[in-house]
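So that the names make sense, note that chain A is the first sequence line, chain B the second, and so on, each numbered from 1.
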Amino acid sequence: MEVGIPKGTRDFLPIEVARRKWMFGIIEEVFKVYGYVPIETPVLENLSTLTGKYGEEGDRLLFKVLNNGDYLNKADDQAYQNKDSNKFTPSIAKRGMRYDLTVPFARYVVMHRNDISLPFKRYQIQPVWRADRPQKGRYQEFYQCDVDVVGSKSLSYEAELIQIYDDVFAALGIPVIIRINHRQLLSGIAGFAGIGEQWIDMTMAIDKLDKIGEEGVRKEMGERNIPAAAQDIIFNLLKHKDIASLRAAVTEDPAVAGSLEEMERVFNFLDGLTLKNKVQFDITLARGLGYYTGCIFEVTAVDAEMGSLGGGGRYDNLTGVFGWPDVPGVGVSFGAERIYDVLEAKGLFPAHVQAGPKVLIAAFDDASHQYAFKCVSQIRQAGIAADLYPEPGKLKKQFKYATDIGSTYIAIAGETEASKGTLNLKHLQSGEQEELTIEAIIAKLK
RNA sequence: GUGGCUAUAGCUCAGUAGGUUAGAGCGCUAGAUUGUGGUUCUGGAGGUCGUGGGUUCGAGACCCUCUAGCCACCCCA
């Protein structure tokens with residue numbers, strides 16, 4: 001029988017799970033310190049909750065779940081005859097798997113509006129699913145770690161989220177650049193260049209500036225029917241690398257001025273704080289154009305070939321589609337899989353992050369195996385992860401097993417040790433070895 | 001959704017103009033080694049060459065089909 005798992009999904013080995021837990025633990029710890037509380041939502045949402053929230057592209061990438069029972073009986077014959085998948089699908093699938101954590105969160109806020117107080121600060125670490133074609137750093141099942149606050153327009157939260165990014169990546173040991181931009185600045189620039197209607201086209205093109213260069217961006221703008229004259233105006237503005245000089249160049253535009261002031265206020269909050277990573281204004285940054293309305297963020301590793309490790313932004317009206325208008329919010333997300341891949345590639349996992357027990361006990365013969373069993377239960381009672389090799393005998397085999405399962409120590413039990421109530425405790429990596437009583441071992445490993 | 005590349009042992013890959021019994025390294029296993037592993041040496045097991053078809057006296061190699069994986073684009077974490 002041929003075995004396999006669906007494309008874009010992965011199994012995790014014990015050591016990988018240990019490392020992932022370490023990583024999630026660091027992220028979660030920072031979230032908690034900043035006063036965010038965890039929530040969870042189901043894997044499955046009503047398809048109607050999900051469709052139409054991520055654009056046409058997003059709808060295509062949604063995993064739909066076939067109805068139970070005699071679903072064909074209730075299927076939309078008409079739509080089937082017309083080969084109209086968009087209309088047919090809802091008649092056979094009323095549920096879908098969540099595509100991100102933000103939309104389910106919006107639904108959650110609306111449904112539980114009586115149980116939560118605003119501003120509501122939540123974090124959520126759960127897997128999401130996208131029927132995307134897998135490639136490097138991209139999977140069909142992957143974890144997102146979201147922190148959002150809804151119910152406040154305070155720009156202090158933008159600053160706070162930048163700090164969270166800074167703290168997490170510092171704790172993980174990945175140097176990053178945190179970039180910030182503003183949606184209204186982008187639409188303002190488009191308006192300034194006389195192509196206000198096409199601001200999204202413009203933004204998607206300049207987002208690729210560092211990848212395809214000015215020439216490539218101009219070509220793409222041309223393909224999107226942005227006139228050359230407008231392109232010139234835009235590139236003139238893109239030359240400004242800091243907020244002050246940009247402000248001087250576009251004084252009369254209130255949308256632009258407002259967005260610049262907002263970003264300046266965010267930087268003012270951060271002023272005087274010691275950040276471990278670089279935070280910079282980047283006029284070419286674009287993301288989440290569908291629903292972000294204010295500041296937008298993105299994090300990239302300083303020296304790793306990997307897409308963004310996270311991003312986010314402010315949205316004025318996330319819950320509006322679910323019937324509760326004018327609830328502002330801001331949040332960011334961490335791309336756990338990519339962060340893991342970077343940690344792995346750069347060997348940043350600490351040596352103490354191991355899958356196996358603290359100690360494996362090896363015995364020579366039946367008598368010492370009996371003794372070792374008493375020892376291992378005593379160590380376990382003290383709350384220390386310990387294991388006993390099931391057969392007494394050759395040490396070579398037992399050493400190899402101890403190393404393979406990731407045990408930190410091996411403890412040898414023989415006739416001499418049994419008579420003295422001791423074990424020979426050896427650190428597998430350093431090779432240091434000492435004969436200790438069980439009590440001493442417990443004290444040492446605790 | 002579009003395009004490109006790949007598919008040979010558990011893993012990473014060789015396999016020369018189509019020509020006998022398809023190889024290596026790593027891993028696995030047994031021993032050298034009856035109280036000390038990750039070093040070394042020796043032996044052993046393990047392959048319908050992804051699937052189905054075609055060309056040929058002869059196909060792992062050439063052609064087509066399908067499937068799977070990888071990479072890039074779109075988009076995105």
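- Set against B/G38, B/U29, B/C73, the side chain of A/Lys400 has B/U29 as its closest nucleotide.
- Close to B/A72, at under 4.0 Å from its OP1 or OP2, lies a side-chain N or O of A/Gln135.
- Contact annotation: A/Lys136 does not reach the phosphate of B/G69 (side-chain N/O to OP1 or OP2, under 4.0 Å).
- In this structure, the ring of A/Tyr34 has its center no less than 6.0 angstrom from the ring center of A/Tyr157.
- Between A/Tyr165 and A/Phe334, a ring centre-to-centre spacing shorter than 6.0 Å is recorded.
- Of the candidate nucleotides B/G69, B/C74, B/G35, B/G69 has the atom nearest to the side chain of A/Lys7.
- For the pair A/Lys396 and B/G31, the criterion of a side-chain N or O lying under 4.0 Å from OP1 or OP2 is not met.
- Of the candidates B/A77, B/G35, B/A30, B/G35 carries the atom nearest the A/Asn424 side chain, counting heavy atoms from C-beta on.
- Here the side chain of A/Arg133 is nearest to one of B/G1, B/G35, B/G38, namely B/G1.
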(message) What verdict does the side-chain hydrogen bond (donor to acceptor under 3.5 Å, both in side chains) test give for A/Arg133 and A/Gln135, after you've listed the backbone C-alpha separation in whole Å, the side-chain angles of each residue and the deciding distance to 0.1 Å?
(response) CA-CA 7 Å; A/Arg133 193 172 284 202; A/Gln135 52 181 281; over 6 Å; no
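- Contact annotation: side chain of A/Gln433 to base of B/U36, donor-acceptor pair present below 3.5 Å.
- Nucleic acid contact for A/Tyr139: base, since at least one base atom lies under 4.0 Å from a heavy atom of the residue.
- Checking B/C75, B/G35, B/G37 against every side-chain atom of A/Glu415, the shortest atom distance belongs to B/G35.
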